[in-house]
2 protein chains.
Amino acid sequence: MAPRMGRQPLTTRAALSHVALRLFLERGFERTTVDDIARAAGIGRRTLFRYFPSKNDLPWGDFDAELARMRAILAATDTAVSLVDALARAVVEFNRFPPEEAPFHRERMNLLLNVPALVAHSALRYAEWRRVVSDFAAGRLGVAVDAIEPTVIGWVFLGASLAAYEQWLRSDNSNLIELLESALLLLKEGFAPGELPTVEPGGRT
Amino acid sequence: MAPRMGRQPLTTRAALSHVALRLFLERGFERTTVDDIARAAGIGRRTLFRYFPSKNDLPWGDFDAELARMRAILAATDTAVSLVDALARAVVEFNRFPPEEAPFHRERMNLLLNVPALVAHSALRYAEWRRVVSDFAAGRLGVAVDAIEPTVIGWVFLGASLAAYEQWLRSDNSNLIELLESALLLLKEGFAPGELPTVEPGGRT
DNA sequence: ATACTTTCGGCACTGAGTGCCACTAGTCTG
DNA sequence: CAGACTAGTGGCACTCAGTGCCGAAAGTAT
């Protein structure tokens, strides 16, 4: 009947992430204790810490699987596509998801980009993501992963992605994919002198 | 005699940061408790938390003052200098320090870039730094600070700086300023297709 | 001396995260 | 079916970071 030996797990990472997310939205991240989440999920506090190493990891769900997906997208890219284009396409593809999941994803990112404890913790997840990008770039450029070019490229694509996410969260009716594309376009157009127009001051919002 | 009213402070942020840094190097960050640091500094644990809001902030010392310096450097830049050049020069200037402080700064950055708790926490400090860059960029471009261009620019310069720091820490006899300049040059040369040379392998350093 | 102001630090508490270990719920073998 | 084996569960006790409270200490001003 059951596939594996031994006792079957009571729940899943996804289910716990879901429960936690709901509580975080209801009461706020700081005012939700790990006990609250475990109780709401019907498991022991000790057990919860076997599914997730920390409270901060709960909103991230199964990010390892997402990273594997990113790696797969890059690996499947035609080698005729330039490095920058390959990464730009992969970033866009990586952040595509069914429209019905948008509200969920939106709230998750709202937490990750605004709750200080999560902003801090996310640096560790971003580092893993940058590593995927750097690995790919290093392979394409024929240099070591810890060389300066792949490292900068990792940072630059992360920055563009997060800048797009911040824009996305700022207005209700914006399109994440479009924002990502325009952020990535900024990278491609580069920062050569004069190319970023030296607009006359005063045009704030 | 004493300048202010009331009891005089027993110590300073700088002194505490110094004591903490020494202990972190001796025993490691995780195995040093806040009690250890307070005891070594000859103050109460409760008092230490009035000087620094968290253990993670100790290695950073007085970063607010550093940020003010960065702002001042940017404000003093000739408006004839392009945005990207202005930021590049400011980044280099910001990271210049007396050579005798190099070993100290090196160990501090070694902790900040390698201890997971500090890598995470540092995201909050980096956000403040990015904000300084974005503010300047927004002013020059005549757009809102929360527009996408200044945000991307903040990320991109942060990434270049940290990539240079990682290189710096990797080898004993490297020059931080030179590494920063070459990382920033990568940004200026841009990421247009074909512009990142498909270098033949082997060119590490 | 006395009032006032500021820093200090002890105490008690919350909450995250961990090591240990017995218990539970399954499968597998004979 | 009994017993061996295996993997998930969760209670307990502990460490450590961080906070609120409040009285004591160490200064200055009058």
Side-chain angles (χ1 to χ4, degrees), chain A residues 1-17 19-21 23-24 26-60 62 111 115-125, chain B residues 1-17 19-21 23-24 26-60 62 111 115-125:
Chain A
M1 198 64 81
R4 272 185 340 296
M5 276 191 66
R7 182 172 180 171
Q8 304 309 309
L10 283 182
T11 181
T12 62
R13 290 173 61 86
L16 290 177
S17 178
V19 167
L21 216 50
L23 291 181
F24 292 158
E26 283 174 18
R27 317 180 199 174
F29 181 81
E30 304 292 356
R31 284 180 306 153
T32 305
T33 70
V34 173
D35 279 287
D36 291 337
I37 301 165
R39 208 175 306 120
I43 63 172
R45 180 186 130 85
R46 191 66 184 80
T47 301
L48 193 149
F49 277 113
R50 286 212 188 78
Y51 282 85
F52 288 92
S54 79
K55 180 185 174 186
N56 291 334
D57 282 301
L58 280 160
W60 281 94
D62 196 350
L111 287 169
V115 175
L118 295 176
V119 171
H121 181 76
S122 299
L124 302 173
R125 297 287 89 80
Chain B
M1 199 63 82
R4 275 185 338 297
M5 272 191 70
R7 183 174 177 170
Q8 303 309 309
L10 282 181
T11 181
T12 62
R13 289 173 61 86
L16 290 178
S17 178
V19 167
L21 215 49
L23 291 181
F24 292 158
E26 282 174 17
R27 316 180 199 175
F29 180 81
E30 304 291 358
R31 285 181 305 154
T32 305
T33 70
V34 174
D35 278 287
D36 291 337
I37 302 164
R39 208 174 307 119
I43 63 172
R45 181 185 130 83
R46 191 66 185 81
T47 300
L48 193 151
F49 277 113
R50 287 213 186 78
Y51 283 83
F52 287 93
S54 80
K55 180 184 174 185
N56 291 333
D57 281 301
L58 279 160
W60 281 94
D62 196 350
L111 288 169
V115 175
L118 294 176
V119 171
H121 180 77
S122 298
L124 302 173
R125 296 287 89 81

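Proteins get letters first, then strands, A, B, ... in listed order; numbering begins at 1 in each.
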Calculate the interatomic distance between [X] atom [atom1] and [N] atom [atom2]; express it in whole Å.
{"X": "Asn56(B)", "N": "dA16(C)", "atom1": "CG", "atom2": "P", "value": "17 Å"}
{"X": "Phe49(B)", "N": "dC13(C)", "atom1": "CZ", "atom2": "C1'", "value": "14 Å"}
{"X": "Lys55(B)", "N": "dT19(D)", "atom1": "NZ", "atom2": "P", "value": "15 Å"}
{"X": "Ile37(B)", "N": "dG18(D)", "atom1": "CD1", "atom2": "C1'", "value": "13 Å"}
{"X": "His121(A)", "N": "dA16(C)", "atom1": "NE2", "atom2": "P", "value": "14 Å"}
{"X": "Phe29(B)", "N": "dC16(D)", "atom1": "CZ", "atom2": "P", "value": "13 Å"}
{"X": "Phe52(B)", "N": "dT19(D)", "atom1": "CZ", "atom2": "P", "value": "15 Å"}

task: Would you give a per-nucleotide map of nucleotides 5-15 of chain D, 5' to 3', where B means the base has a protein non-hydrogen atom under 4.0 Å away, S means only the sugar-phosphate does, and - means neither?
output: -BBBBBBB---
query: Out of curiosity, Arg50(B) CZ to Leu16(B) CG, how far, rounded to the nearest 0.5 Å?
result: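 Here the rounded value is 13.0 Å.
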task: Compare all side-chain heavy atoms of Leu48(B) with those of Ile43(B) and state whether any distance is below 4.5 angstrom.
output: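 The answer is yes; the side chains approach within 4.5 Å.
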- prompt: Are the side chains of Val119(B) and Leu124(A) in touch, meaning some heavy atoms are under 4.5 Å apart?
  reply: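 Yes, at least one pair of side-chain atoms sits under 4.5 Å.
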field: Check: Arg13(A) side chain, Tyr51(A) main-chain N or O, donor-acceptor pair, under 3.5 Å
entry: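 It does hold such a pair.
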Lys55(A) charged N/C atom sitting above Phe49(A) aromatic ring, 6.0 Å / 45°: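 No - Lys55(A) does not lie over the ring of Phe49(A) by the 6.0 Å and 45° rule.
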query: So does Asp36(A) pair up with Arg31(A), basic N to acidic O under 4.0 Å?
result: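 Between Arg31(A) and Asp36(A) there is no salt bridge, as every charged N stays at least 4.0 Å from the carboxylate O atoms.
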